[in-house]
Amino acid sequence: MKSVNEVSKLSGVSRRTLQYYDEIGLLPPSAVKESGYRQYDEESLRRLWSILFYKELGLSLDDIRLLLESPKEMEKEIMRQHKQILLAKQSALQKMILSVDRILNDEFDISMLRDFDRNRLETMKKTYANEIRGLMESKFFLPLVKSGILPGRASLVKNASNIMNLDFAELISLCGDVIHKFREAMRDGPESSAAKKAVAAYRELITMWIPCDDTSFRKIGQAYLIHKEALDEKSPGLAEFVSKAILHVYR
């Protein structure tokens, strides 16, 4: 167990910031002594690492909270995606070091000018950021996470890859398609054919993730009503609509 002071020295995060993370429920301490001092175990420190990692990516605290509440495999896949950017940066830095060595040895080759081409890396960063931002900003799947249906180690990415040979970008596209179908169906009502198609698409997506019988899917529908606040911030009325549409099909 580590004290607040120890965690602050290890991470460079101020005591006030750690207190704030506790106040908003982002990083509760593992234990609080009678004196009121917070203590953090290894699991809490691992969570702090994730928070700082995602802050480096430029994600908001709300987005970070949603990520940390998501299944572990989704979090790992996002890290795997960002690892590719870090490896690209590492490769560019190594090439620059080699070029500096060559210049110090009075050598030059025109190909060394490519050391300053950042277009590929910037494209990777933008594509990655847009994928993550689209998923996080929608908050569409937060009620699913909170429903309790998903086991802690559910692997959406792994199962989808095995069944349909999907990569992460394709998976994000499927998620976006489900959201779009529900938003479009709102014009026709929860009992419309468009709503039924949206429900079917959502059910198909979830079955890539986990076995999902009618009872489980009804529970997901109920979760959208129970945990509608976060989704209503971005799309007023969408959570209630999804709930009604699912429960209409799976009464």
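This chain uses plain numbering: 1 for the first residue, then up along the sequence. Both backbone and side-chain heavy atoms feed into the values below; hydrogens, waters and symmetry mates do not. None of these values were measured; they are calculated from a predicted model.
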Item checked: Test side-chain contact (heavy atoms from CB on, under 4.5 Å) applied to L238 - qualifying residues, sequence neighbours left out -> F140, F182, R183, M186, L231, S235, V242

Margin query: So, using ring-ring contact (aromatic ring centres under 6.0 Å, His included) as the criterion, who are the partners of Y250 when residues are at least two apart?
Written below: F217

Can you give me every donor-acceptor pair (side chain of residues 188-199, partner residue at least two apart or in another chain, under 3.5 Å) with its distance?
from: S192; atom 1: OG; to: G189; atom 2: O; distance (Å): 2.7
from: S192; atom 1: OG; to: A195; atom 2: N; distance (Å): 3.2

Margin query: Looking at F108, I want to see if its CZ is surrounded by more than 12 non-hydrogen atoms of other residues, nucleotides or ligands under 6.0 Å.
Written below: yes

Next item on the list: Could you pull out all residues at least two apart from D22 that satisfy side-chain hydrogen bond (donor to acceptor under 3.5 Å, both in side chains)?
Entry: R38

Note to self: If the condition is salt bridge (Lys or Arg N to Asp or Glu O under 4.0 Å), which residues does E184 pass it with, not counting sequence neighbours?
What the structure shows: R187

Margin query: In this structure, would F53 and I51 fall into the same cluster of hydrophobic residues linked by side-chain contacts under 4.5 Å?
Written below: yes

Notebook entry, point to check: Would you call D214 and R203 a salt bridge, using N to O less than 4.0 angstrom?
Noted result: yes

Margin query: Going by salt bridge (Lys or Arg N to Asp or Glu O under 4.0 Å), name the pairs with one or both residues in residues 104-113, residues two or more places apart or in two chains.
Written below: R102-E107

Checklist line | Set of side-chain contact (heavy atoms from CB on, under 4.5 Å) partners for R16, sequence neighbours left out | finding: S14, Q19, Y20, E23

Margin query: If hydrophobic residues (ILVMFWY) are linked whenever their side-chain heavy atoms come closer than 4.5 Å, directly or via other members, who joins V32 in its cluster?
Written below: none

Margin query: Taking M1's backbone N and O only, do any of them form a donor-acceptor pair with D41's side chain (distance below 3.5 Å, no angle check)?
Written below: no

Checklist line | Distance-only polar pair, side chains of D213 and S216, donor-acceptor under 3.5 Å | finding: yes

Check: Who passes salt bridge (Lys or Arg N to Asp or Glu O under 4.0 Å) against E240, sequence neighbours left out?
Finding: K244

Checklist line | Contacts of type side-chain contact (heavy atoms from CB on, under 4.5 Å), residue K9, not counting sequence neighbours | finding: none

Next item on the list: Check side-chain contact (heavy atoms from CB on, under 4.5 Å) between I110 and all other residues, then give those that pass, not counting sequence neighbours.
Entry: L113

Notebook entry, point to check: Who are the side-chain hydrogen bond (donor to acceptor under 3.5 Å, both in side chains) partners of K181, not counting sequence neighbours?
Noted result: D177

